[in-house]
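Heads up, the thing below is written out as structure tokens.
We count ligands from 1, going down the list as the structure has it; atoms in each ligand are counted the same way.
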Amino acid sequence: MLKISLLFAIISFSILKVAAQTSKQPVLKNKTNGIFKSEAEKAEVLYRPQIHFTPKKGWMNDPNGMFYKDGVYHLYFQHNPDSNVWGPMHWGHATSKNLIDWKHQPIAIYPDSIGMIFSGSAVVDEKNTSGFGKNGITPIVSIFTQHNMEGEQTGRTDFQNQSIAYSLDNGYTWKMYKGNPVIKNPGIKDFRDPKVIWHEASKKWIMIVAVKNKVSFYSSANLMQWTKESDFGENIGNHDGVWECPDLFTLKHENRTYWVLTSSINPGGPNKGSATQYFIGDFDGHNFTTNSTKTKWMDFGTDNYASVTWSDNGSEKISMGWMSNWIYAREVPTFNWRSAATLPRLLALKNVNGEIYLTSDARKFVNSLPKKTQQFTNGKGKLEVPSLGSAYKISFNQNNLSPYRVSLSNDLGEHLDFGYDSVTNQFFIDRSFAGVHKFNPEFAAKHISPRIEVSNNTSFYAFVDKASIEFFADGGLNVMTDIFFPTVPYNNINIISNNKKAITDHFEVATFLRNKK
Ligand code: FRU
């Protein structure tokens, strides 16, 4: 642990600078000889997160098939176990009781002659509608795309089909259904990522699946025979890329139930590359309709993609995404593994001037971890941060909206800045000078998020976990998730704002106490 003392200085043009500084830069050492044997070993220490899921080794992208049963959250994920770049996709598997501490499980679903295992979902088939359950066992059924590489390479258009598998041991081992695929490709190259939900009103399973520039709905009584219902999205929302990984769920707000349709798109994100847009409206078992024509984004950062929600965990909607972007995901400077999942986020709705928006809240699950909270009042206090980068939450409230910039930096001069700019009315994360970036020319950049809230009160919190920041402003109306790669850990926190009182009254840092390296 490094002791860090807070220095307060009011600069002449009434900017308050709160600085947490170390006397010297921590020297990066491994435990044995003080020298890292390889870049891979160094990346383990510098970038392997503390409170986010990462695969033990190999490549990961989208979270898949998330369901909850008997106190256990299951997370599957797009996984290439033999390489740190995308390749033959399997479903990796991990389990957790609190959505933060993950136990690695053996690979769940392997590619077969129909194709690789692309993204999809899983449901607890409570009523055994599929008939897979024998002797009173409740089957879990997963529904995913099988991508046939040979088909793609020989120029066919029907190489993506929807298949199912089932598990009779609560999701640990899986059998492929012999009648796969259950939905054959209609002759469109991009036809993937089925998300299935139980639609209580019509007592049917509903599948939402991405089809090039829109989504299609299918219905089924047994998860095997599917009937096409309708399409949505061709003339609405963003169309600068291909639609992928859609989701459909309900949220209650002001005594009304709304249907929320999310759809990831790549490219086309508000700050380039991959991102997730959403629509709020109604779904009657056949069609999704919406009155709003605004394009809305779940997260304005560049590193939350393919975000979908858990199944069978009750009425709470918990989403998790892939914390990377197709622009540079294959090139980021980690070696044993590549990519992490975002923190789990509780979704809700908020009405801003008659328009309904999604809000995301990442605090609930993380807050259950042991932590050390340090509050700063009237500019006095001592800040202690662990030397080799632990995970922490920074937060403060403002009664009167004013610009601020929080800068995390190291003594090499690398810094990651985030905050609010009142001239443009935008939140931002600027990772232009955050550290290693040459692996991709588009990585070093400032990302912006136009403020949605109109009230003068504002609050923010941000989770920082070695190589990622998740920044939630105004109760999660504006969210930004970005990754970054400092050469050595940041050891300074500077807050620059002209609202001295708000910051010194409420500024807080909570460090999560983890046993991991
Ligand atoms: C989204 C995606 C999905 C696809 C999967 C393949 O990131 O492209 O559309 O199923 O990744 O790994």
Check: To the nearest 0.1 Å, how far is atom 8 (O) of ligand 1 from its closest protein heavy atom, and which atom is that?
Finding: E244 OE2, 2.9 Å
Margin query: If only side-chain N and O atoms count, and only distance matters, is there a donor-acceptor pair under 3.5 Å linking Y47 with S468?
Written below: no
Checklist line | Distance-only polar pair, side chains of D62 and S119, donor-acceptor under 3.5 Å | finding: yes
Margin query: Could you tell me, atom by atom, which parts of ligand 1 come under 4.0 Å of a heavy atom of Y305?
Written below: 1 (C), 7 (O)
Check: Ion pair present between D169 and K175, side-chain N to carboxylate O less than 4.0 angstrom?
Finding: no
Check: Any side-chain heavy-atom pair from N84 and N336 closer than 4.5 angstrom?
Finding: no
Margin query: Centroid separation under 6.0 Å, is that true for the rings of F463 and H52?
Written below: no
Note to self: Among D112, N161, N185, exactly one meets side-chain hydrogen bond (donor to acceptor under 3.5 Å, both in side chains) together with Q146. Which residue is that?
What the structure shows: D112
Next item on the list: Could you tell me whether some N/O pair between S119 and ligand 1 is separated by less than 3.5 angstrom?
Entry: yes
Margin query: A side-chain contact here means heavy atoms from C-beta on lying under 4.5 Å apart; do F439 and V332 qualify?
Written below: yes
Next item on the list: Of the side chain and backbone of A306, name the one, both, or neither that has a heavy atom under 4.0 Å from an atom of ligand 1.
Entry: neither
Next item on the list: Mark up the atoms of ligand 1 that fall under 4.0 Å of a heavy atom belonging to F118, in ascending order.
Entry: 4 (C), 6 (C), 10 (O)
Item checked: Among T145, D62, N325, closest by any non-hydrogen atom to atom 7 (O) of ligand 1 -> D62
Notebook entry, point to check: Of all the atoms in ligand 1, which lie at a distance below 4.0 Å from a heavy atom belonging to W86?
Noted result: 6 (C), 12 (O)
Notebook entry, point to check: Which residue owns the protein heavy atom closest to atom 6 (C) of ligand 1, what's the atom, and how far is it?
Noted result: Q78 OE1, 3.2 Å
Notebook entry, point to check: Can you list the ligand 1 atoms lying under 4.0 Å from a non-hydrogen atom of D193?
Noted result: 3 (C), 4 (C), 9 (O), 10 (O)
Notebook entry, point to check: Is the closest N or O pair between W322 and ligand 1 shorter than 3.5 Å?
Noted result: no
Item checked: Contacting atoms of ligand 1, where contact means under 4.0 angstrom from a heavy atom of M89 -> 12 (O)
Next item on the list: Take K69 and T138, measure what side-chain hydrogen bond (donor to acceptor under 3.5 Å, both in side chains) needs, and give me the verdict at the end.
Entry: CA-CA 11 Å; K69 187 161 187 289; T138 303; 5.0 Å; no
Notebook entry, point to check: Does F144 come within less than 4.0 Å of ligand 1, judged by its heavy atoms?
Noted result: no
